[in-house]
Structures are given as structure tokens and as C-alpha cells.
Amino acid sequence: MQGKTVVVTGAFGTLGRAVAGLAAAKGAKVAMLDVAVRPDNPVRDAIALAVDLTKLDATTEAMRKVREATGRIDAVLNIAGGFVWQTVTDGDEAAWERMFALNLKTAYNTSRAALPHLIETSGAIVNVGANAALNAGAGMGAYAASKAGVHRLTESLAQEMKGRVRVNAVLPSIIDTAPNRADMPKADFSTWVKAEDLAKVMLFLASDDARDVTGVLLPVMGRV
Ligand SMILES: NC(=O)c1ccc[n+]([C@@H]2O[C@H](COP(=O)([O-])OP(=O)(O)OC[C@H]3O[C@@H](n4cnc5c(N)ncnc54)[C@H](O)[C@@H]3O)[C@@H](O)[C@H]2O)c1
């Protein structure tokens, strides 16, 4: 990753921090985009930009700033997203719309805004889908439908960009995060996917080692 610029969205969340830290350790220049930039930045010398990625104009401007500051964008790791559990019967429309904005619109906006720069470098996009979106249980409709949209966007964009920009996605089961531990205190945390391990898979897909891989939806299950 020496000499490369890696953009990480949702970079101040659990997975985002792990990915940004590993990309920096591999020698990349890292740009951390998040709606909530926090003072405890885990990566020294990273560019940190506060941006609401549900807004295309703001996302385009953020990518322009990264390109201007580092001269290039080689990879975009689309991690910004969110989760809600709610049934259709008792759920609310606002939460449904929020899932599509946070998970699917951010992936579209980030890709759209970064593509002109990624075409210059024959770069890569790595999205985060969800294993739960392959076959959704009760209460998972809004979340799974929005992540299934990310899966289809990944496949379609990979076809559109074939030979120019690679587009893949990881489909995690359960990431070992503090909120998940609080929500499922009786679960066996050792079976969950560690953010650091998922980061390795994502950076492999972003790297030249995966130059022949595009359009892949890769389950990363841990031992769930
Ligand atoms: N945690 C899990 O078990 C799990 C499982 C499968 C998939 N995922 C997906 O993995 C990704 C990361 O999960 P996590 O647990 O690290 O989440 P997290 O909540 O810790 O991090 C998400 C980050 O995205 C940022 N964000 C939210 N909305 C944004 C917006 N509009 N613009 C810019 N940034 C925004 C948040 O501020 C936060 O820092 C998410 O896409 C999530 O849906 C998580």
C-alpha cells in the first residue's frame, strides 16, 4: 500500500478504525470520512473529514479534497452504515428510510463521487454488505433490504467498471463490537468476526494482490 491513498468511510466506528489503522500500517495515506469525526483519531497523519455521506454534493467535495491533498485515490472502503431491528407491523417509516440512506445511499454516493479518481488509478471499491441480507429473519426487513441493495449495486458497478475499477463487497456475520456484546451478552463472542480480521480481508480486496477479483460478495463468517 506504499504510495497509495485509501479512503475509509465510517472511519471512526469499530470496523472503520481497524481498517484505517491497518491501511496506515501497510504504508498507505489514509483519508478518514465520517459524519462524526472524533478527537481520538487512531491514525497519525490521516486526513480526517467530517461529511454526511448521505449527501452527494458533500461526498463529492470530500473526495475532491482527498484527491487534491494526496494527488490520487486508489481505494475506497465503504464502511459507513447502521443497523435497526424492527418488525414491519410495529416499525416506523423513518427508520426504514434511515436504513436505506445510511447503508445504500452512502454506498452509491461514495462510489459516484470517487469513480472519476479511481478510474485514474485503476483503483478499487470495497463495500460492506451483510450475511443477514442473504436470507433475512423477522425484524431484519429494513436492514437486510438496504444491505441487499448494496450487494446488487456492487455486482452491477463491477460489470459497469470491468477493466477499469474493481468493485467487491464483504458480507460479515456478526462483528465483535461493544454494542453487539451489550445486545447479546450470552453469546459466545469468540465465534464472532474480529474487526482486525475483517480489515485484513477488506485490504486484500483493495490491494493489487486481488487484481483479478471483481464483482465478488465474500462472506466473512467467523465461526457463526
Ligand atoms: N456490527 C456488525 O455485527 C455488522 C455485521 C454486518 C455488517 N456490518 C456493517 O459493517 C459496517 C461497520 O459496522 P460497525 O459495527 O463498525 O459500525 P459503527 O456504528 O461502529 O460505525 C459506523 C460508522 O459510520 C458512521 N456513519 C453513519 N452514518 C454516516 C453518514 N451519513 N455519513 C458518514 N458516516 C456515517 C458512524 O458515525 C460510525 O462511525 C456497517 O456498514 C455495518 O452495517 C456490521
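The first residue in the sequence is number 1, and the count goes up from there. Scope of the values below: all heavy atoms of this structure, side chains included, with no hydrogens, waters or symmetry mates. Just so it is clear, the structure is predicted and the values come from calculations on it, not from any experiment. Order of listing sets the numbers, starting from 1, for every ligand and every atom in it.
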Could you tell me whether the side chain of [Y] reaches within less than 4.5 Å of the side chain of [X], counting heavy atoms only?
X: K147; Y: F83; result: no
X: M32; Y: P42; result: yes
X: D74; Y: V6; result: no
X: K26; Y: Q2; result: no
X: M63; Y: L33; result: yes
X: L218; Y: L171; result: no

Q. Does N180 approach ligand 1 within less than 4.0 angstrom via side chain, backbone, both or neither, non-hydrogen atoms only?
A.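 Looking at N180 and ligand 1, just side chain atoms fall under 4.0 Å.
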Q. If you measure from each non-hydrogen atom of A195 to ligand 1, which part falls under 4.0 Å: side chain, backbone, both or neither?
A.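 For A195, no heavy atom sits under 4.0 Å from ligand 1.
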Which of the ligand 1 atoms, numbered from 1, are nearer than 4.0 Å to a heavy atom of [X]:
X: Y143; value: 6 (C), 7 (C), 8 (N), 43 (O)
X: G129; value: 7 (C)
X: S173; value: 5 (C), 6 (C)
X: I174; value: 3 (O)
X: V51; value: 32 (N), 33 (C)
X: P172; value: 6 (C), 7 (C)
X: T177; value: 15 (O)

Can you tell me the protein heavy atom closest to [atom] and the distance?
atom: atom 31 (N) of ligand 1; answer: D52 OD1, 3.0 Å
atom: atom 24 (O) of ligand 1; answer: G10 CA, 3.4 Å
atom: atom 16 (O) of ligand 1; answer: L15 N, 2.9 Å
atom: atom 22 (C) of ligand 1; answer: G81 O, 3.8 Å
atom: atom 28 (N) of ligand 1; answer: L102 CD2, 3.2 Å
atom: atom 21 (O) of ligand 1; answer: G13 CA, 3.4 Å
atom: atom 44 (C) of ligand 1; answer: I175 CD1, 3.5 Å

Q.
Assigning hydrophobic clusters by single linkage (Ile, Leu, Val, Met, Phe, Trp, Tyr; side-chain heavy-atom cutoff under 4.5 Å), is V7 placed with L15?
A.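 As far as the 4.5 Å side-chain criterion goes, L15 and V7 are not connected within one cluster.
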Q: Please work out which of D34, L198, N127, T14 has its closest non-hydrogen atom nearest to atom 36 (C) of ligand 1.
A: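 Looking at heavy atoms only, the winner is D34.
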Q. If you measure from atom 40 (C) of ligand 1 to every heavy atom of L53, N109, V128, I79, which option wins on shortest distance?
A.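 When every heavy atom of L53, N109, V128, I79 is considered, I79 comes closest to atom 40 (C) of ligand 1.
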Q.
Minimum heavy-atom separation for T59 and D52, please, with both atom names.
A.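 The answer is OG1-O, 4.0 Å.
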Q: Please report the shortest heavy-atom distance between T121 and I73, naming the atom on each side.
A: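 Scanning both residues, the minimum pair turns out to be OG1-O, 2.8 Å.
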Q: Verify the contact flag for atom 19 (O) of ligand 1, where contact means a protein heavy atom under 4.0 Å away.
A: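 Protein heavy atoms within 4.0 Å of atom 19 (O) of ligand 1 - there are none.
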Salt bridge or not for [X] and [Y], using N-O below 4.0 Å?
X: R166; Y: D208; result: no
X: R211; Y: D209; result: no
X: E155; Y: R152; result: yes

Would you check whether [X] reaches within less than 4.0 Å of ligand 1, judged by its heavy atoms?
X: A101; value: no
X: K147; value: yes
X: F12; value: yes
X: L33; value: no

(Q) Quick check against the 3.5 Å criterion: does N127 have a side-chain atom that pairs as donor or acceptor with the backbone of N78? (A)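 No.
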(Q) If you count every heavy atom of other residues, nucleotides or ligands that lies below 6.0 Å from R112 atom CZ, does the total exceed 12? (A)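 For R112, atom CZ is not crowded (no more than 12 foreign heavy atoms under 6.0 Å).
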Q.
With respect to V35, determine whether any N or O atom, backbone or side chain, lies less than 3.5 Å from an N or O atom of ligand 1.
A.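 Such a contact does occur with ligand 1.
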